[in-house]
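What follows is a single structure, written as structure tokens, with notes after it.
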Amino acid sequence: MSESSAFYLLEERIQRFIWSEGWESLRDAQEAAIPLVLKGDRDVIVAAATAAGKTEAAFLPALTHVLQSDGPRLIVYISPLKALINDQFGRLDRLCEQLEIPVWPWHGDISSSVKARFLKKPEGVLLITPESLEALLCNRGTSVGTAFKGVAFFVVDELHAFIGSERGKQLQSLMHRVEQVLGRTVPRIGLSATLGDMGLAAGFLRPGRGADVALVTSAASGNDLRVLVKGYEEPQVVRGEGDDAEQEPMTPAQIAAELFSELRGTNNLVFPNSRREVERYTHLLNKLCLDRQVPKEFWPHHGSLSAEIRSETEAALKQKEQPATAVCTNTLELGIDIGAVKCVAQIGSPPTVASLRQRLGRSGRRKGEPATLRGFCIENALGGKPSLADELRLDTVQMTAMISLLIDRWFEPPMAHGAHLSTLVQQMLSFIAQNGGAPIGQLYDLFCAKSRPFEGVSKGEFVELVRHLGQKELLMQDSAGTLLHGRVGEKLVNHYTFYAAFAADEEFRIVAGGKSLGSLPVSQMLSVGQRILFAGRTWKVEEVDDEQKVIYVVRSGGGAPPLFSGGPGQVHTRVRQRMRELLESESTPSYLDAVARRFLSEARANYKARDLKNVYLLDLGGHVQVMTWLGDAANEALACLLQRLKFAAAASGPGVEVAKKGTVEDLRDALVDIGSEDAPPLEMLFAETKSLGREKWDWALPDPLLRKAYASLHINLSEAIAWAKAIC
DNA sequence: GACCTGCTGCGGTCTG
């Protein structure tokens with residue numbers, strides 16, 4: 001500690017705690033963050049890899065500040081996960097006990113007596129979720145000022161998990177509303193995984209004043225990376241007459257066998273990209289354990305499994321006696337403590353480079369040990385009439401492109417530009433609940449004026465919004481002009497589901513022998529007698545209770561993995577460009593095995609045969625494929641621009657699929673027109689497009705605002721038009 | 001052709 005200057009800035013009892021823990025030195029992020037946070041007069045982002053001591057980087061100086069000041073005595077920590085609050089409570093409470101500072105966990109599973117005790121003396125450290133904070137503002141409007149009077153800091157954990165979502169917009173609004181009640185700003189400390197563009201994260205943490213946010217980025221570079229990508233070819237299915245039962249694919253069993261022999265005996269994470277595949281692989285892997293008569297060591301983890309089954313998997317990873325591998329979705333991407341793993345297996349191309357990077361952060365955390373990535377690419381055997389995606393081996397090319405971008409240290413910037421006007425509706429209703437009513441001008445200034453969370457909505461648009469919410473009976477106006485809840489608004493605000501800013505599917509609970517296994521979306525209707533794979537085991541449906549939304553199952557052999565609901569992901573333009581560079585290059589990455597190499601050379605041969613370096617319109621018989629090699633948002637913009645010219649067009653993979661109409665030349669002319677004109681206004685762009693609603697309150701928005709909200713997230717017009725300009 | 005997150009107040013019944 002002798003070399004650390006920051007250490008001596010900390011309060012004496014905190015110094016003693018650090019000595020007694022036996023820490024040899026402070027991490028670089030802590031060293032840098034301590035003097036910045038300590039003064040308590042500015043916003044700070046601490047960005048570092050998992051387990052680099054971010055929590056301490058915020059709390060050691062924040063607690064010092066609180067202990068040394070006679071004024072404010074409260075730190076509000078906001079987390080996206082209840083599990084993280086429970087983890088942090090254990091860690092912080094040990095330190096704070098010695099400092100005689102109380103720590104208060106507050107979320108849906110915490111008893112109301114704990115909450116009441118905090119409100120009686122609101123001091124110390126409050127650990128809370130955005131939803132619980134929403135409920136607090138909504139239901140205890142009159143005591144918000146007293147409860148938060150002493151707040152010295154907001155600490156936002158896993159900041160990157162909030163950016164780009166309805167929930168992130170809600171978080172910005174909640175912090176702003178507390179500051180508005182207090183009549184002062186409260187320093188915000190954001191803890192985040194390293195993000196490509198820290199400026200975007202800073203603008204998210206403090207809208208309008210991102211430039212003033214201090215940035216601390218850990219210099220500790222990651223360990224070396226070891227990569228191996230294997231190709232697997234799915235043979236063509238030969239179908240008999242009238243044989244329309246879905247064939248089980250062949251390759252998963254081969255991949256499972258490979259994983260079994262490579263991973264057994266160590267701790268690992270396997271990411272097969274969907275809950276359905278998690279079920280498939282967990283079952284295949286544990287069947288291999290059973291066949292070889294060895295203890296089961298593969299555990300499932302995804303969001304539809306019950307909390308009990310998930311914590312079994314987490315406990316299996318944490319304990320040191322038996323090796324354990326989790327087969328999981330991105331539930332294990334966030335900061336829940338699961339210890340270090342030897343290897344990360346990725347089956348199929350990951351959703352984004354950022355997520356691949358986050359997943360790899362779980363591997364090679366011991367000194368000198370490299371992070372290890374084993375990729376698996378599945379492609380269909382060519383023959384007959386292969387699809388363009390098969391011909392170009394797009395999954396293999398995308399996986400390779402993403403790994404090469406990862407090695408170049410590039411990853412997608414955070415999506416900080418979404419308008420999330422759905423959340424504006426929720427926040428207006430909540431603010432009215434908090435204050436018993438509000439004049440329209442006050443609402444506009446609070447939410448939409450400069451540097452506010454919903455800046456960019458004009459006064460005219462806001463008046464139109466209020467009128468529309470009146471029509472939907474969400475709002476009404478009293479004789480003095482004050483806005484109040486309408487009949488429907490009153491009902492919705494007074495239900496507990498109001499506090500979450502995001503929408504959730506209705507679900508059936510799956511119960512076996514009185515124990516809850518998890519849940520399935522109602523869209524996936526199961527019938528009595530059906531066999532399913534769930535929680536890594538096979539079951540038979542015994543009873544379906546439509547009223548209570550419960551499905552009762554018993555153990556049984558056989559069964560297919562169920563379908564879960566979900567929407568499409570978004571591929572960034574940079575990824576598609578790198579895919580194209582790979583297809584035009586001659587060199588082959590050394591980490592590809594023989595089959596993956598063959599896939600890549602087949603893709604290159606077909607790319608060349610179709611002359612895709614020069615040709616951007618492919619006549620595929622029934623339709624024409626426009627090969628833009630742009631990201632999904634730009635392709636969707638181009639599809640809308642074509643729809644406006646009466647083409648039936650839809651974004652599809654690396655381009656846009658257009659139904660045949662006239663000649664290919666007509667389409668070329670249309671693209672030339674698109675490239676030579678300015679972007680049309682949104683009401684013209686979406687004239688042919690219906691159902692733009694995606695977020696929870698989108699149904700309540702007037703059309704112009706709905707179009708604006710949708711475009712801000714899903715449409716990249718400038719890239720699409722620039723592309724059309726360039727091909728002319 | 002995806003994934004994830006979260007939730008109050010109150011009235012009823014039971015126990016010591």
Side-chain angles (χ1 to χ4, degrees), chain A residues 78-86 106-116 119 128-141 157-171 174 271-279 301-305 307 310 327-336 346-352 354-356 358-359 378 387 389-390 394-395 398 423 426 430 433-434 491-505 507 518-519 521 563-571 632 635 650-654 657 694-696:
Chain A
I78 306 172
S79 154
L81 298 177
K82 290 189 289 190
L84 213 48
I85 288 180
N86 299 341
W106 182 315
H107 57 66
D109 302 342
I110 302 292
S111 87
S112 54
S113 62
V114 173
K115 298 172 183 173
L119 288 172
I128 195 166
T129 61
E131 288 73 18
S132 284
L133 187 52
E134 184 78 66
L136 211 159
L137 289 178
C138 204
N139 298 329
R140 303 171 199 260
D157 206 353
E158 306 278 3
L159 186 72
H160 57 281
F162 284 111
I163 302 178
S165 73
E166 300 148 279
R167 217 175 169 209
K169 196 46 88 178
Q170 176 188 31
L171 171 68
L174 291 170
F271 289 95
N273 287 348
S274 73
R275 289 171 281 189
R276 180 186 169 88
E277 298 304 312
V278 165
E279 291 296 344
H301 199 283
H302 61 72
S304 293
L305 293 172
R310 282 198 260 178
V327 186
C328 58
T329 60
N330 51 4
T331 42
L332 288 185
E333 252 176 52
L334 283 186
I336 307 165
Q346 175 66 51
I347 305 175
S349 174
T352 59
S355 134
L356 178 62
Q358 189 77 7
R359 291 171 182 188
I378 305 174
S387 72
D390 282 345
L394 287 182
D395 194 58
Q398 185 172 319
T423 303
Q426 182 212 27
S430 175
Q434 177 188 341
K491 218 173 81 186
L492 293 174
V493 174
N494 287 320
H495 194 262
Y496 66 91
T497 53
F498 175 76
Y499 312 118
F502 55 89
D505 276 354
E507 291 178 325
S519 58
L563 271 171
F564 297 87
S565 58
Q570 270 201 25
V571 177
D632 289 342
N635 285 337
S652 157
E657 194 179 301
R694 295 289 181 280
E695 303 188 336
K696 188 173 182 181

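Quick note on labels: first sequence line is chain A, next is B, and so on, each numbered from 1.
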Roughly, in whole Å, what's the span from [atom1] in [X] to [atom2] in [N]?
X	N	atom1	atom2	answer
Glu333(A)	dC3(B)	CD	C1'	8 Å
Glu277(A)	dC3(B)	CD	C1'	14 Å
Glu279(A)	dC3(B)	CD	C1'	15 Å
Glu695(A)	dC4(B)	CD	C1'	15 Å
Gln358(A)	dC4(B)	CD	C1'	13 Å
Leu305(A)	dC3(B)	CG	C1'	13 Å
Leu159(A)	dC4(B)	CG	P	22 Å
Ile378(A)	dG1(B)	CD1	P	13 Å

Taking N or O atoms only and anything under 3.5 Å, show me the protein contacts with nucleotides 5-8 of chain B, one pair per line.
residue : atom : partner   : partner atom : Å
dT5(B)  : OP1  : Arg310(A) : NH1          : 2.4
dT5(B)  : O3'  : Pro80(A)  : O            : 3.3
dT5(B)  : O2   : Arg167(A) : NH1          : 3.2
dG6(B)  : OP1  : Lys82(A)  : N            : 2.4
dG6(B)  : O3'  : Thr129(A) : OG1          : 3.4
dC7(B)  : OP1  : Gly108(A) : N            : 2.9
dC7(B)  : OP1  : Thr129(A) : OG1          : 2.8
dC7(B)  : OP1  : Ser132(A) : OG           : 2.8
dC7(B)  : OP2  : Gly108(A) : N            : 3.2
dC7(B)  : O2   : Tyr496(A) : O            : 2.4
dC7(B)  : O2   : Thr497(A) : N            : 3.2
dT8(B)  : O4'  : Tyr499(A) : OH           : 3.4
dT8(B)  : O3'  : Asn139(A) : ND2          : 3.1

- Query: Is there a donor-acceptor contact under 3.5 Å linking the side chains of Glu695(A) and Thr423(A)?
  - Reply: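 No - no donor-acceptor pair under 3.5 Å links their side chains.
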With no hydrogens and no angle check, do the side chains of His301(A) and Thr331(A) hold a donor and an acceptor under 3.5 Å apart?
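Indeed, the side chains of His301(A) and Thr331(A) share at least one donor-acceptor pair under 3.5 Å.
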Could you check Ser112(A) against Gly653(A) and say which one's nearest nucleotide on DNA chain B is further toward the 5' end?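 The residue closer to the strand's 5' end, by nearest nucleotide, is Gly653(A).
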### Message
Using a heavy-atom cut-off of 4.0 Å across all strands, would you classify Asn330(A) as base, sugar-phosphate, or nothing?
### Response
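The residue Asn330(A) makes base contact.
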Verify, without hydrogens or angle tests, whether [X] (side chain) and [Y] (backbone) share a donor-acceptor contact under 3.5 angstrom.
X	Y	answer
Asp395(A)	Ser349(A)	yes
Glu166(A)	Gly168(A)	no
Glu158(A)	Ser79(A)	no
Asn635(A)	Ser652(A)	no

Practice task
Among Arg275(A), Arg276(A), Glu279(A), find the one that has a side chain to side chain donor-acceptor pair (under 3.5 Å) with His302(A).
Solution key: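 Filter result, single survivor: Glu279(A).
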Any Arg275(A) side-chain nitrogen or oxygen under 4.0 Å from OP1 or OP2 of dC3(B) =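 Checking dC3(B) against Arg275(A), a side-chain N or O does come within under 4.0 Å of OP1 or OP2.
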